[in-house]
Amino acid sequence: MTRNLQYGRGLVWLRNDLRLRDNTALYRAAVSCGAVAAVFIACPKTWKSHDDGDPVVNFRLACLRELQESLAGRRIPLYFLEVASFDEVPSALQQIVRKLQIDAVFANAEYPFNEQRRDSAARAALQEAGVPIEYSTDRTLVPPGAVRTGSGDAYKVFTPFKRAFVSQCGATDFSPLPPPRQFDGDKGWPQWLQIAGAHNLVQTIPDTVRGYRALPQKDGKIFGWMPGEKAGARRLREFGEIIDGYEDERDFPAIDATSRLSPYLNCGAVSIRQCAQLALGLNEGRWVGGSEGISCWLGELIWREFYTHLLVAFPRLCKHQPFKPETDRVPWSGDELAFRRWCQGKTGVPIVDAAMRQLLETGWMHNRLRMVVASFLSKNLLIDWRWGERHFMNHLIDADFAANNGGWQWAASTGTDAVPYFRVFNPYSQSKKFDPRGEFIRRFVPELHELNDKEIHCPDSAADYPAPICDVAQSRKHAIEVYAALK
Ligand SMILES: Cc1cc2nc3c(=O)[nH]c(=O)nc-3n(C[C@H](O)[C@H](O)[C@H](O)COP(=O)(O)OP(=O)(O)OC[C@H]3O[C@@H](n4cnc5c(N)ncnc54)[C@H](O)[C@@H]3O)c2cc1C
């Protein structure tokens with residue numbers, strides 16, 4: 001077949017889009033170039049400054065290893081380079097394109113403030129080298145900013161955003177893109193290259209990068225999570241079999257009723273279009289209506305979209321600032337000991353402790369419990385939500401700045417469309433309602449194993465288990481007064 005190709009040699013710059021299938025940048029490179037290579041540039045110093053922890057970095061590198069094999073099958077070499085920070089990326093890319101004689105670079109857009117700044121600097125550096133770079137929409141269903149109010153502003157509230165998203169984009173074809181074609185044999189790609197001021201560009205993916213611990217793997221799994229595109233695709237397929245029950249069961253942490261796709265979505269081993277396509281395919285193409293389970297899950301995908309759109313519309317969210325500036329006047333307690341007890345799952349409030357231990361042991365926490373523990377920290381303990389946001393980033397295997405910041409600002413009532421300040425989750429009622437038989441608590445707080453289904457939510461006393469760190473009713477009242485005084 002003769003191809004009318006625009007470029008000779010293309011480079012795909014991979015970031016959090018670690019998959020072969022339905023990868024817009026990879027697809028664009030494959031249809032427009034005669035030969036394609038890929039590169040991943042690790043920036044551990046910047047990752048640290050963004051609070052990326054060992055779980056997310058280990059998972060990312062493991063997904064990258066699997067992707068390298070898949071790409072090799074298509075004769076696309078994947079190079080790896082470690083520099084310290086985003087600042088060094090533009091010059092590194094300049095050297096790479098010169099040495100590999102690249103005609104065009106392809107990448108999928110990323111939206112947090114520092115990522116956007118890095119990408120503009122990369123564009124300028126590549127321009128200097130005479131090489132164009134094309135950024136594609138891939139992380140979200142539609143580009144941030146595409147859904148706007150009648151007067152052209154960004155939406156600040158979820159429900160109207162969702163309504164507008166469905167009416168403006170509901171009929172859009174989100175069909176996944178095919179994987180890149182198979183390229184011909186040897187295109188003279190070198191095994192490695194020297195890059196000034198950085199490590200060598202190599203074709204081996206290391207177990208870890210500077211400042212990060214290589215976590216032990218068991219049967220290829222990290223914290224029980226099998227990395228990679230194939231595992232992500234399997235999980236999506238399996239979730240399709242239980243998606244109808246999502247709305248009814250998603251709030252019960254002892255039940256495996258949610259998709260658990262977040263680690264895959266965040267490093268890009270699964271694409272958002274693949275998720276939308278599966279759900280829409282099962283729901284006769286409908287975003288709302290049809291199966292309640294499916295439309296509820298599609299709503300969660302729109303929440304993900306909403307939080308990413310917010311980052312772009314309000315860059316101050318990326319600068320440790322609350323959406324509502326007045327909430328910066330909350331007199332946070334600064335109690336480091338209480339914070340440590342919260343982090344370790346030793347607050348004496350069983351559902352909070354079970355959740356915090358789930359995070360430490362599995363790198364993941366159930367959504368209902370993320371809300372409960374975030375409310376407990378920011379309201380009952382009156383500890384700055386940013387401390388909790390940071391702990392989550394450090395420990396979650398699905399750590400994602402947009403969703404995490406959005407979730408924390410929602411729970412702490414500092415965000416746009418947040419929970420009203422006077423609504424404070426009662427951890428004991430949440431526990432009784434969503435873990436009625438204490439199954440989840442028993443799984444993660446073995447000290448309470450012997451207690452009956454009633455006592456387990458609020459034990460009077462149990463060996464080796466601390467008394468509650470605070471009086472939930474009193475601290476709730478205090479938090480409401482503090483927030484009310486901000487007005
Ligand atoms: C305080 C707090 C912190 C959070 N931190 C993160 C985080 O770092 N990374 C992260 O991916 N999610 C975060 N979330 C959102 C949500 O808890 C997780 O996305 C969800 O628990 C992941 O499990 P799942 O894949 O089984 O989700 P499902 O219920 O199956 O949902 C499917 C997908 O929709 C998206 N999604 C679901 N709920 C939300 C939401 N509220 N906001 C944005 N996207 C959502 C996720 O991509 C998720 O994988 C946070 C929520 C809160 C309250």
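As the structure lists them, so they are numbered: ligands from 1, and atoms in each ligand from 1.
Looking at ligand 1, you won't find any N or O of His366 less than 3.5 Å from one of its N or O atoms. In terms of polar-atom proximity, defined here as any N/O pair under 3.5 Å, Trp303 makes no such contact with ligand 1.
With Phe86 as the aromatic partner, Arg118 meets the cation-pi criteria of under 6.0 angstrom to the ring centre and within 45 degrees of the ring axis. A cation-pi geometry, defined here as NZ or CZ lying under 6.0 Å from the six-membered ring centre and within 45° of its normal, does not hold between Arg390 and Trp385. With a 6.0 Å cutoff to the six-membered ring centre and a 45° limit on the axis angle, Lys379 does not count as a cation-pi contact of Phe425.
The protein non-hydrogen atom at the shortest distance from atom 15 (C) of ligand 1 is Asn367 OD1, 4.1 Å. Here the heavy atom of the protein found nearest to atom 30 (O) of ligand 1 is Ser259 OG, 2.6 Å. Remark: minimum distance from atom 35 (C) of ligand 1 to any protein heavy atom is reached at Glu300 O, 3.8 Å. The nearest protein atom to atom 9 (N) of ligand 1, hydrogens excluded, is given as Asp398 O, 2.9 Å; this is a heavy-atom distance. Among protein heavy atoms, atom 12 (N) of ligand 1 sits closest to Ala403 CB, 3.5 Å. The protein heavy-atom contact nearest to atom 19 (O) of ligand 1 is Ser262 CB, 4.3 Å.
If you look at Asp400 next to ligand 1, the close heavy atoms, those under 4.0 Å, come from the backbone and the side chain alike.
Salt bridge annotation for Arg340-Asp335: absent, with no cationic side-chain nitrogen under 4.0 angstrom from a carboxylate oxygen. A salt bridge is defined here as a Lys NZ or Arg NE, NH1 or NH2 lying under 4.0 Å from an Asp or Glu carboxylate O, and Arg386 with Asp384 meets this definition. By the 4.0 Å N-to-carboxylate-O rule, Lys48 lies too far from Asp52 to be salt-bridged with it. Salt bridge status for Asp398 with Arg370: present, with a side-chain N to carboxylate O gap under 4.0 Å. Salt bridge annotation for Glu326-Lys324: absent, with no cationic side-chain nitrogen under 4.0 angstrom from a carboxylate oxygen.
The closest approach between any non-hydrogen atom of Trp364 and ligand 1 is below 4.0 Å. By the 4.0 Å heavy-atom criterion, Trp297 is counted among the residues contacting ligand 1. Every heavy atom of Phe401 sits 4.0 Å or more from the atoms of ligand 1. Residue contact check for ligand 1: Arg250 places no non-hydrogen atom closer than 4.0 Å to it.
Of all atoms in ligand 1, listed by their number and element, those nearer than 4.0 Å to a heavy atom of Ala399 are 8 (O). For ligand 1, the atoms sitting less than 4.0 Å from at least one non-hydrogen atom of Leu265 are 47 (O), 49 (O), numbered in the order shown with element in parentheses.
Note on ring orientation: taking the six-membered ring where Trp is involved, the planes of Phe314 and Phe323 are perpendicular (angle over 60°, cut-offs 30° and 60°). Using cut-offs of 30° and 60° on the angle between ring planes, the pair Trp364 and His366 is perpendicular.
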